[in-house]
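Excluded from the calculations below are hydrogen atoms, water molecules and symmetry mates; all remaining heavy atoms, backbone and side chain alike, are included.
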Amino acid sequence: MRLVKPTNRLGVHMVNEVTPGEIQKAAARLGEAVKAVRNHIPTEVSQIADALPGGDSPAPASKLSTTWEKRFGDWAKNAETHAKTMDEVAKNWTKVDQHIASEGNKQTSRVQQGAN
């Protein structure tokens with residue numbers, strides 16, 4: 001599939017080509033980012049309550065920790081869904097390309113057989 005941009009601001013024609021393999025690589029990289037985020041959710045801020053009991057910091061620190069856990073977790077969940085969708089799209093794209101190529105070969109064969 002070719003996506004063509006008419007020209008860039010310098011007047012140079014720009015052509016971008018996307019392949020199923022590139023989409024799968026991007027999905028894999030996104031999956032790696034999801035794992036990293038899940039392994040590094042900053043929950044340490046909740047420990048302020050233990051370090052500073054009775055002060056003004058524990059309640060806001062606990063709220064911040066809970067908010068971060070939810071937001072980081074939600075991002076990871078949504079990004080994981082997106083990565084899986086990207087991978088499925090790339091696989092389906094490949095299947096469609098293979099089907100079209102197969103149908104094209106059948107048509108070529110029919111034309112050649114009819115010419116004999």
Side-chain angles (χ1 to χ4, degrees):
M1 175 177 175
R2 296 190 110 186
L3 305 174
V4 180
K5 296 178 186 176
T7 57
N8 66 12
R9 62 189 170 138
L10 301 174
V12 176
H13 288 281
M14 303 293 295
V15 178
N16 297 321
E17 190 169 330
V18 179
T19 66
E22 289 170 333
I23 293 172
Q24 288 178 302
K25 287 178 188 175
R29 287 192 300 272
L30 183 54
E32 291 169 9
V34 167
K35 288 177 188 172
V37 166
R38 285 189 171 139
N39 289 330
H40 296 95
I41 294 176
T43 58
E44 298 85 8
V45 83
S46 66
Q47 297 170 2
I48 290 174
D50 296 333
L52 301 169
D56 292 337
S57 299
S62 177
K63 184 176 180 180
L64 178 61
S65 177
T66 300
T67 299
W68 277 355
E69 282 185 58
K70 179 172 179 3
R71 290 192 179 168
F72 278 69
D74 288 350
W75 181 90
K77 179 182 170 189
N78 292 334
E80 181 177 50
T81 299
H82 186 67
K84 286 179 180 178
T85 301
M86 289 171 64
D87 191 57
E88 289 171 12
V89 165
K91 287 176 182 173
N92 287 337
W93 183 351
T94 299
K95 286 179 187 176
V96 168
D97 281 354
Q98 290 169 346
H99 175 74
I100 290 170
S102 173
E103 288 299 312
N105 288 338
K106 288 177 188 175
Q107 294 299 322
T108 301
S109 176
R110 287 183 188 133
V111 169
Q112 289 173 347
Q113 288 173 1
N116 291 332

What distance separates K25 NZ from I23 CD1, expressed to the nearest 0.5 Å?
12.0 Å
Which pair of non-hydrogen atoms, one from A76 and one from V37, has the smallest distance, and what is that distance?
CB-CG1, 4.4 Å
Expected output: side-chain T66 to main-chain S62 donor-acceptor under 3.5 Å
yes
Within 6.0 angstrom of D56 CG, more than 12 heavy atoms from elsewhere
no
If you look at every heavy atom in Q24 and K91, which pair is closest and at what distance?
NE2-CG, 3.6 Å
Specify the closest pair of heavy atoms between V34 and E80, including all atoms of both residues, with the distance to one decimal.
CG2-N, 3.7 Å
Counting distance only, does the side-chain N/O of T85 pair as donor-acceptor with the main-chain N or O of T81 below 3.5 Å?
yes
Under the side-chain contact (heavy atoms from CB on, under 4.5 Å) test against I41, which residue among K70, R71, E69 passes?
E69
Report yes or no: do V18 and M86 belong to one cluster of Ile/Leu/Val/Met/Phe/Trp/Tyr joined by side chain heavy-atom distances under 4.5 Å?
yes
Heavy-atom closest contact (A83 atom, A27 atom, distance)
O-CB, 3.4 Å
Reported CG-to-CG distance for the pair L30 and D87, which is rounded to 0.5 angstrom:
11.0 Å
